[in-house]
Amino acid sequence: MKFTDLHNHALYACDDGPKSEKDMQSLVDAIYKDNIRHLCLTPHYHPGYFGENSQRADRSFAKLSEYVSEKYPDLKLYRGNELRYNRGCVEWVKEGKCHSINDTNYVLIDFSHNEDGDVIVKGTNSILSAGFIPVLAHVERYRKISSDMDFIRELRENGVIIQVDAQSILGVFGFGSKRCCKRMFMHHLVDVVATDAHGSILRPPSITESYKYIEKHFGKKYAETVCVHNPYAILENRQLGKE
Ligand SMILES: [Fe+2]
């Protein structure tokens, strides 16, 4: 099984991902070993948190492209960002300061883990009304909404894409987020699984293991939809299949 990953911090010297070129290469080695063949690099973007990092991301991406073309010619790279929500963030995409996912209509967006539900609704609505489709990062990690399946269902029905982290499914971030993932799968609310990988040792990719877990507990078709077909459809700016 070959995977597409739409959310990771593999580019070095951009955010809280790898600090050196060598660490970036080790993470990409792990990503390749984890059977990922389409990789959209998504450094955090919010000038208030990580500075204006778009030029650093450009440089890291160029270095990574060289490395990959020599070592892993069948691994395809794409550009993206994980935008921290802020009232003006859609303008950042429109002005080309940062990337939507592979420059499609899909925007990977995150909020503070402690954010109120009404801010998440207002924020995702503002992205939708600007003509983009929000891919809400690691929904299981927002403390105030992650147990509320009706709330997540409403977000989804409103057009928000629900993404969960591979390591949350496996319980790496604790029992609470694992249980939320499980409930979201049981209620058929998950659209995309992504690695959110930050390093080869701490927060590694783990998508193959998550795929196996989903396949075992929720069926092969659902596992393929969220780990393979939907992420690839987003890269191609297509509509998603619903489970
Ligand atoms: Fe992330």
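Values below: all heavy atoms of this structure, side chains included; hydrogens, waters and symmetry mates excluded. Numbers here simply count residues along the sequence, with the first being 1. Order of listing sets the numbers, starting from 1, for every ligand and every atom in it.
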Handout entry: Tyr72 and Asp29 side chains, donor-acceptor separation under 3.5 Å
Key = yes
Fill in the blank from the handout: Near the Fe ion (ligand 1), meaning under 2.8 Å, the protein N/O/S atoms are His7 NE2, His9 NE2, Glu82 OE1, Asp196 OD1
Fill in the blank from the handout: Residue pairs meeting salt bridge (charged side-chain N to carboxylate O under 4.0 Å, His left out), one or both in residues 228-239, sequence neighbours left out, come to Glu236-Arg238
Exercise for the section: Verify whether one side chain among His138 and Gln163 offers a donor that lies under 3.5 Å from an acceptor in the other. Expected result: no
Exercise for the section: Go through the steps to decide whether Tyr211 and Phe3 satisfy the test ring pair (Phe, Tyr, Trp, His ring centres under 6.0 Å), and finish with yes or no. Expected result: CA-CA 9 Å; Tyr211 174 87; Phe3 302 106; 5.4 Å; yes
Practice task
Go through the steps for His38 and Tyr232 under the test ring pair (Phe, Tyr, Trp, His ring centres under 6.0 Å), then give the verdict.
Solution key: CA-CA 8 Å; His38 295 275; Tyr232 192 70; 4.8 Å; yes
Exercise for the section: Using the rule that two of Ile, Leu, Val, Met, Phe, Trp, Tyr join whenever any of their side-chain heavy atoms come within less than 4.5 Å, decide whether Ile109 and Phe50 are in one cluster. Expected result: no
